[in-house]
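One structure is given below, encoded as structure tokens.
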There are 2 protein chains.
Amino acid sequence: MKSFDTHTLLTAHGLRCTRPRVKVAELLFADGQDRHITAEWVADELGKMGEAVALATVYNTLNSFMEAGLLAQINGLEAGRYVFDTNTEPHHHFYNETTGCLTDMPPSALRFYKMPEAPAGTEIVDWQVVVRVR
Amino acid sequence: MKSFDTHTLLTAHGLRCTRPRVKVAELLFADGQDRHITAEWVADELGKMGEAVALATVYNTLNSFMEAGLLAQINGLEAGRYVFDTNTEPHHHFYNETTGCLTDMPPSALRFYKMPEAPAGTEIVDWQVVVRVR
DNA sequence: TATTCATATTAGAATAGTTCTAAATTGTCT
DNA sequence: AGACAATTTAGAACTATTCTAATATGAATA
């Protein structure tokens with residue numbers, strides 16, 4: 001039944017069910033846990049599982065998932081790295097510069113007194129806080 | 001007198017006064033204006049001024065300036081790009097994803113109700129908000 | 001079920017921004 | 001001026017990501 005669930009998840013988000021997408025979706029969403037992931041990690045995991053998918057395809061897949069709203073991108077880490085979050089609810093992170101470890105911030109840790117207003121002619125598409133610790 | 005000012009600025013921050021550093025400091029700090037800059041932009045400007053400095057040196061210089069506290073790094077933009085800010089006071093930015101334009105957020109635009117607390121064993125070294133607009 | 005065709009996959013090349021290397025140069029301290 | 005550590009430099013190397021273009025594959029249709 002697992003593959004059925006993945007199938008409906010993908011089609012419900014307007015994504016064709018290809019083998020790579022199904023495998024990536026199973027890896028990321030099957031257990032319902034929140035994850036911070038990179039393309040490299042996904043490719044490695046699938047490789048270990050004997051379900052190798054080309055790295056370029058993993059990138060395509062993660063970008064498709066993001067556009068479809070299945071993943072969120074985490075900005076503000078090291079330049080040159082894309083990290084995705086399976087938790088697409090707005091929330092914030094601590095980033096340990098020494099260990100590279102990324103953890104969710106408890107929702108209560110940060111609350112805004114006043115929301116920022118976008119400059120004229122633009123609208124806010126995303127914002128998130130990365131608090132860098134050491 | 002300008003070069004004297006730059007000289008004292010550099011030495012006051014523990015930096016040896018080399019030609020590249022003096023030129024970069026003049027470009028960035030002479031007029032007291034706030035700037036968002038990249039290594040490429042600095043190298044181009046110096047080139048136009050007939051004071052060419054190797055790109056690798058510009059990177060070295062900007063990183064030295066940052067460690068010395070003369071510049072701040074802006075995180076949270078496109079992965080793969082380092083942007084520095086001559087305004088080292090804590091403040092936040094709007095980032096226009098379409099135009100690439102980066103603007104300071106008026107201080108009043110965003111206020112925190114509660115500051116986040118670092119995870120045990122770590123201390124906060126930096127945090128900033130990048131609000132992405134379109 | 002066979003056909004069709006837009007969409008997706010893939011390997012490998014290309015790209016972009018940044019850092020590294022190692023040799024030559026240059027500040028600064030005596 | 002002499003000495004030496006720090007800095008500069010050109011170009012190579014590196015890394016993460018995207019592109020290319022040929023091949024394969026879902027899924028809609030007949």
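In this text the structure is predicted, and so the values were computed from the model without any measurement.
Taking both residues in full, the closest heavy atoms of B/Leu15 and B/Leu70 are given as CD1-CD1, 3.9 Å, listed atom of the first, atom of the second, then distance. Minimum heavy-atom separation, B/Glu89 to B/Asn87: N-OD1, 3.0 Å. The shortest heavy-atom contact between A/Phe84 and A/Asn63 is CZ-OD1, 3.8 Å.
Taking only side-chain nitrogens and oxygens, A/Tyr59 never comes nearer than 4.0 Å to OP1 or OP2 of D/dT18. An OP1 or OP2 oxygen of C/dT26 is reached within less than 4.0 angstrom by no side-chain nitrogen or oxygen of B/Thr18. Applying the 4.0 Å criterion to OP1 and OP2 of D/dT7, one finds that B/Arg21 has a side-chain N or O inside that range.
Across the interface with DNA chain C, nearest-nucleotide mapping of A/Gly14 and B/Asn63 shows A/Gly14 to be the residue nearer the 5′ end. Residue whose closest nucleotide on DNA chain D sits further toward the 5' end, between B/Arg19 and B/Arg16: B/Arg16. Both B/Glu40 and B/Ala56 lie close to DNA chain C; mapped to their nearest nucleotides by heavy-atom distance, the more 5′-ward contact belongs to B/Glu40. Residue whose closest nucleotide on DNA chain D sits further toward the 5' end, between A/Val83 and B/Asn60: B/Asn60.
For B/Ala54, the side-chain atoms get nearest to D/dT9 when compared with the rest of D/dA27, C/dT10, D/dT9. Closest contact between the side chain of A/Arg81 and the listed nucleotides D/dA10, D/dA16, D/dT8 involves D/dA16.
The aromatic rings of A/His36 and A/His93 sit perpendicular, their planes meeting at an angle over 60°, well past the 30° parallel limit.
Regarding A/Met66, its CE atom lies at a distance of 9 Å from the P atom of D/dT18, rounded to whole Å. Look at CG on B/Asp44: it is 15 Å from C1' on C/dA16, rounded to the nearest Å. Rounded to whole Å, atom C1' of C/dA11 lies 11 Å from atom CG of A/Leu55. We find that CG of A/Leu10 is positioned 15 Å from C1' of C/dT7, with the value rounded to whole Å. Rounded to an integer number of Å, the gap from CD of B/Gln73 to P of C/dT19 is 9 Å. We find that CD1 of A/Ile37 is positioned 15 Å from P of D/dA16, with the value rounded to whole Å. Atom NZ of B/Lys23 and atom C1' of C/dG27 are 16 Å apart (whole Å). Going from atom CH2 of B/Trp41 over to atom P of C/dG17 covers 17 Å, rounded to whole Å.
Here B/Glu40 pairs with B/Arg81 in a salt bridge; the nearest charged N to carboxylate O distance falls below 4.0 Å.
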